[in-house]
Amino acid sequence: MRVLVTGGAGFIGSEIVRTLTSAGHEAVVLDALLPSAHGSAHGSAHGSAADLPDGGGIIVADVRDREAVDRALHGIDAVCHQAAMVGLGKDFADAPLYVGCNDLGTAVLLAAAAAAGVRDLVLAGSMVVYGEGRYECPRHGPVRPGPRAEADLAAGRFEPLCPSCGTELTPGLVGEDAPVDPRNVYATTKLAQEHLASSWARATGGRAVSLRYHNVYGPGMPRDTPYAGVASFFRSSLARGESPQVFEDGAQRRDFVHVRDVAAANAVALEAVAGLRAGSFAAYNTGSGEPHTIGEMASALAAAHGGPAPQITGEYRLGDVRHVTADSRRLREELGWRPTMGFAEGMAEFAAAPQRDMAASPAR
């Protein structure tokens, strides 16, 4: 199979390319090689060629460049769409960048795929489309708390309460059938990508799968950028000899999934998508199945690194949710995927692994 991997020189994309190549597939990479994802080695505005994985070729271009995308799709059997601007960003001023990179870029890619006759797509989705995860109230059963009030966060009241009775809730695992409720610009663009993919599949007879990644971590994560994930923030702090700064009280629940397991999920989905019904779209949670708190992750990473210990700051960000962890049974049962990297082993590896040095630009 010949696969176009957009963002294929990035953190997750390059691991997908390695996984596909080792399985005997040919991977063609389309990547803008922006400094924010690849550094600025040798003074190049497009980063270092050392980031590039082995594969079937590299086209250095933005996914919004229709001419370049048309060229990249020549002879392609399936598309693995990883190119995106990631993370929560700094403030709402980033909104045009997120919408342009993520949603316009996806629209250009899908329009080109329709014209080229490419009908199989695997999309890098995200658990952020859910907003808060699943909660149970002892009196009212499953409930969906709204956004947390800033006054509560400022007072250190971090747990969502039942909207009917104000009782503290018990967090659980969120399934793919949960209502979506994106709470920030990045989350909104990730949901829009899914809607575009679904519309494309219906209009063209295509088949699309979205893998809703949970917190992906592992070797090669970018460092020292406000657009990276929390694991990268903590690892960057440790590399500087500083304590990881843990927001709120550190009890926020997440699912930390290793990048090699995410790459394996993409390989499985690319094999499976061709067997789906024409015009169909399916979403799959992609997580380890082992929920941990952010405080636990910071402590495990710091201990494996040899310190310093994390600090609980009580700070907060309005766009953050309290708890969201995956129920990934559908991906296991329907596609046969299994994560292989355990939490302790993965954090120990990540604590010693190199990161990518970033430049100041916000887009990847």
Side-chain angles (χ1 to χ4, degrees), residues 1-86 101-102 104-124 193 197 200 206-209 211 218-220 222 259-260 262-271 273-274 356 359 361 363-364:
M1 180 166 49
R2 196 164 189 257
V3 181
L4 174 63
V5 184
T6 68
F11 164 51
I12 297 174
S14 59
E15 193 63 48
I16 292 171
V17 170
R18 282 187 285 272
T19 299
L20 292 175
T21 302
S22 67
H25 302 297
E26 181 182 1
V28 175
V29 171
L30 176 72
D31 199 299
L33 296 187
L34 297 177
S36 58
H38 305 281
S40 53
H42 312 301
S44 168
H46 291 298
S48 171
D51 287 335
L52 301 181
D54 293 331
I58 171 75
I59 296 174
V60 180
D62 194 292
V63 73
R64 290 167 289 186
D65 181 343
R66 176 60 186 266
E67 183 179 349
V69 174
D70 285 341
R71 188 166 72 252
L73 283 166
H74 181 72
I76 291 296
D77 300 307
V79 174
C80 185
H81 184 31
Q82 305 296 312
M85 186 173 174
V86 299
C101 288
N102 297 358
L104 177 58
T106 299
V108 171
L109 173 68
L110 294 177
V118 177
R119 294 294 180 263
D120 292 340
L121 171 74
V122 173
L123 171 69
Q193 284 185 310
W200 167 83
R207 297 166 288 263
V209 164
L211 297 177
V259 66
R260 289 197 293 274
V262 169
N266 276 272
V268 166
L270 283 162
E271 294 278 3
V273 68
R356 298 184 186 208
S361 171
R364 104 179 181 185

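Computed from heavy atoms alone, side chains included, the values below leave out hydrogens, waters and symmetry copies.
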K.L.:
Would a distance-only check, ignoring hydrogens and angles, find a side-chain to backbone donor-acceptor pair under 3.5 Å from Ser22 to Thr19?
P.N.:
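Pair found, side chain donor or acceptor close to backbone of Thr19.
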K.L.:
Taking all heavy atoms of Ala208 and all of Trp200, pick out the closest pair and write down the distance.
P.N.:
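Heavy atoms of Ala208 and Trp200 come nearest at CB-CZ3, 4.3 Å.
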K.L.:
Look only at the side chain of Asp77 and the backbone of Arg2, and say whether a donor-acceptor pair between them is shorter than 3.5 Å.
P.N.:
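Between the backbone of Arg2 and the side chain of Asp77 there is a qualifying donor-acceptor contact (under 3.5 Å).
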K.L.:
Which atom names give the shortest non-hydrogen contact between Val5 and Gly13, and what distance separates them?
P.N.:
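For Val5 and Gly13, the tightest heavy-atom pair comes out as CG1-O, 4.1 Å.
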K.L.:
Quick one: closest heavy-atom pair of Phe11 and Pro222, and the distance?
P.N.:
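Distance-wise, the nearest heavy atoms are CB-CD, 4.3 Å.
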K.L.:
The test is side chain to side chain donor-acceptor pair (under 3.5 Å); show your working for Asn266 and Glu15 and say whether it passes.
P.N.:
CA-CA 10 Å; Asn266 276 272; Glu15 193 63 48; over 6 Å; no
K.L.:
Can any side-chain N or O of Thr6 pair as donor or acceptor with the backbone N or O of Ala83 at less than 3.5 Å?
P.N.:
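Judged by distance alone, yes, a pair lies under 3.5 Å.
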K.L.:
In Å and rounded to the nearest 0.5 Å, what is the SG to CE distance from Cys80 to Met1?
P.N.:
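That separation rounds to 9.5 Å.
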K.L.:
What are the two closest non-hydrogen atoms of Ile76 and Leu4, and how far apart are they?
P.N.:
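Minimum heavy-atom separation between Ile76 and Leu4: CD1-N, 3.7 Å.
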K.L.:
Side chains of His25 and Glu271: closer than 4.5 Å at any heavy-atom pair?
P.N.:
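SC-SC contact between His25 and Glu271 confirmed.
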K.L.:
How many angstroms lie between CG in Asp62 and CG in Leu30, if you round to the nearest 0.5 Å?
P.N.:
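Reported to 0.5 Å precision, the distance equals 8.0 Å.
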K.L.:
Got a donor-acceptor contact below 3.5 angstrom from the Arg356 side chain to the Gly10 backbone?
P.N.:
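It does hold such a pair.
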K.L.:
Hey, is the main chain of Ala9 close enough, under 3.5 Å, to the side chain of Asp31 for a donor-acceptor pair?
P.N.:
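Here the side-chain-to-backbone pair exists.
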K.L.:
Heavy atoms, side chains only, cut-off 4.5 Å: are Val29 and Val17 in contact?
P.N.:
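Yes - at least one pair of side-chain heavy atoms lies under 4.5 Å apart.
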K.L.:
Taking all non-hydrogen atoms of both residues, which atom of Val69 and which atom of Val63 are closest, and how far apart?
P.N.:
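So the two residues come closest at CG2-O, 3.3 Å.
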K.L.:
Determine, step by step, whether Leu20 and Leu270 satisfy the side chain to side chain contact (heavy atoms under 4.5 Å, CB included) criterion, reporting the C-alpha distance in whole Å, the side-chain angles of both residues, the deciding distance to 0.1 Å, and the verdict.
P.N.:
CA-CA 9 Å; Leu20 292 175; Leu270 283 162; 3.8 Å; yes
K.L.:
Using every non-hydrogen atom in the two residues, find where Ala113 and Arg119 come nearest and quote the distance to one decimal.
P.N.:
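That would be O-NH1, 3.4 Å.
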K.L.:
Determine, step by step, whether Gln193 and Thr106 satisfy the side chain to side chain donor-acceptor pair (under 3.5 Å) criterion, reporting the C-alpha distance in whole Å, the side-chain angles of both residues, the deciding distance to 0.1 Å, and the verdict.
P.N.:
CA-CA 6 Å; Gln193 284 185 310; Thr106 299; 2.8 Å; yes
K.L.:
Report the distance from atom CG of Asp70 to atom CG of Asp65, rounding to the nearest 0.5 Å.
P.N.:
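These two atoms lie 9.0 Å from each other.
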K.L.:
Go through Leu123 and Gln82 one step at a time and tell me if the side chain to side chain contact (heavy atoms under 4.5 Å, CB included) criterion holds.
P.N.:
CA-CA 7 Å; Leu123 171 69; Gln82 305 296 312; over 6 Å; no
K.L.:
For a salt bridge (Lys or Arg N to Asp or Glu O under 4.0 Å) check, start with the C-alpha distance between Asp120 and Arg207, then their side-chain angles and the critical distance, and finish with the verdict.
P.N.:
CA-CA 5 Å; Asp120 292 340; Arg207 297 166 288 263; 2.7 Å; yes
K.L.:
Tell me, do Leu110 and Leu121 make a side-chain contact under 4.5 Å, heavy atoms counted?
P.N.:
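Yes; the side chains approach each other to less than 4.5 Å.
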K.L.:
From Thr21 OG1 over to Arg18 CZ, what is the distance, rounded to the nearest 0.5 angstrom?
P.N.:
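Output value for this atom pair is 9.5 Å.
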